[in-house]
Amino acid sequence: MPQFPSDLPFYSLMNGPTPLQEMPRLRAALSEQGANCPRLFVKRDDMTGLAGGGNKTRKLEYLIGDALAQGADTIVTAGAIQSNHVRQTAAAAANAGLKVHAILFDTVDGYQDPAYRTSGNLLLDKILGAKIRIEPKDADAIAVFKEVLDAIKADGGTPYVVPVGGSNAVGSTAYAAVFLEIEEQAATQGLALDRIVHATGSLGTQSGLLAGRALAGSRTRVDGISVARPTRDALIDEVLEIANATAKRIGAGRVNDADVLVDFRYLGEGYGLPTKDMVSAVELVARTEGILLDPVYTGKAMAGMIALIKSGEISPDETIVFLHTGGMPGLFAYPSQFGNG
Ligand SMILES: Cc1ncc(COP(=O)(O)O)c(C=O)c1O
């Protein structure tokens, strides 16, 4: 196993590796539907354990570590109204004794379920003590951030900005480590992995996984299913920038354009807007494996993986890991979508 740097600022928020489990009943159900289905595994990063869990817990171990090393006392971050990232940041900050200001942008204005604006992650943000400011979709983000930072400083505070999704080289370092964790667990279970499939949103998870892959010199594919950006042009420069900054931070070689695999076919009408296949995927995985996905990220990524299996683009000879990045509280913001069939 390659050496991962151990001297980076770090604040522990979870215990040990999350499980890598097989999903035999999902495989059987897909086979019954006529698919030629490979062995399917799930990496349970929904079980990171911090206030509902999810991928941001991992990134926040490095980001909160960095904030503490810099002497900050207040975290400032942003996301959508139902951001899982903001919920986990609020919990991480509480755990570390820091204050948190969250700027929530009303980006999903095409979805009108009233629960979207009262329940799910937003409710948990409030319980976790985040100071919340809601802004319209087209607000000037730079100006709003400046206002919030100036007010904290004027009050004698020392702010630390965690970017949307925790997606920079500091946060993505966590997913480089997760790549190595998955490969190590797979080796222990005697598995030769062909690909890791996951939801890609603010791009930090995919960038980190690719940096870890470069460090490991692995040939396992990393397949991002886009849940936010509609085209490759809209994300490729950013992925390469975060991935290579992360690779540099951990002493890995370069990540190239050809390593960045993103599928845009399962996004539907846009970020946070439900699709029929997302609903079916969430219900199928819940009813076969007892695992809860989410409506914005993992549900669409799972819908994508199922479609790739059914079309034969994923071959039955492969061994696949679906990276479950969490998000279950988001289900409570979409009650009208589920349980109707
Ligand atoms: C549940 C869940 N899955 C996946 C993602 C996507 O990860 P990333 O933003 O690192 O691309 C997010 C956050 O944006 C998330 O909350």
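- For the side chain to side chain donor-acceptor pair (under 3.5 Å) condition, the pairs that include at least one residue of residues 324-337, sequence neighbours left out, are D113-S336.
- Within the structure, salt bridge (Lys or Arg N to Asp or Glu O under 4.0 Å) pairs that include any residue of residues 189-203 comprise R195-D223, R195-E318 (at least two apart or interchain).
- Remark: the backbone N or O of L193 is not paired with any side-chain donor or acceptor of E183 at under 3.5 angstrom.
- Residue pairs meeting the ring pair (Phe, Tyr, Trp, His ring centres under 6.0 Å) criterion with at least one member in residues 249-302, sequence neighbours excluded: Y271-Y297.
- When the shell of 6.0 Å around CG of N15 is examined, it contains 12 or fewer heavy atoms from other residues, nucleotides or ligands.
- Judged as a side chain to side chain donor-acceptor pair (under 3.5 Å), the pairs with a partner in residues 94-105 (not counting sequence neighbours) are, in order, Y11-N95.
- With sequence neighbours excluded, the residues satisfying salt bridge (Lys or Arg N to Asp or Glu O under 4.0 Å) with E135 are R133.
- Pairs engaging residues 26-80 under the ring pair (Phe, Tyr, Trp, His ring centres under 6.0 Å) rule: F10-Y62 [sequence neighbours left out].
- Pairs engaging residues 148-166 under the side chain to side chain donor-acceptor pair (under 3.5 Å) rule: D66-Y160, K146-D150 [sequence neighbours left out].
- By the salt bridge (Lys or Arg N to Asp or Glu O under 4.0 Å) test, D7 is found to be paired with no residue, residues two or more places apart in sequence or in another chain being considered.
- Residue Q189 places its CD atom among more than 12 non-hydrogen atoms of other residues, nucleotides or ligands, all under 6.0 Å distant.
- Other residues sharing the hydrophobic cluster of F145, ordered by chain and number and joined by side-chain separations under 4.5 Å: V76, I103, F105, V144, V148, L149, I152, V161.
- Other residues sharing the hydrophobic cluster of V164, ordered by chain and number and joined by side-chain separations under 4.5 Å: none, the residue standing alone.
- Scanning for salt bridge (Lys or Arg N to Asp or Glu O under 4.0 Å) contacts around D46 gives R44, with sequence neighbours left out.
- Judged by distance alone, the side chain of Q88 and the main-chain N or O of A51 form no donor-acceptor pair under 3.5 Å.
- Shown here are the salt bridge (Lys or Arg N to Asp or Glu O under 4.0 Å) partners of E22, two or more places apart in sequence or in another chain: R39.
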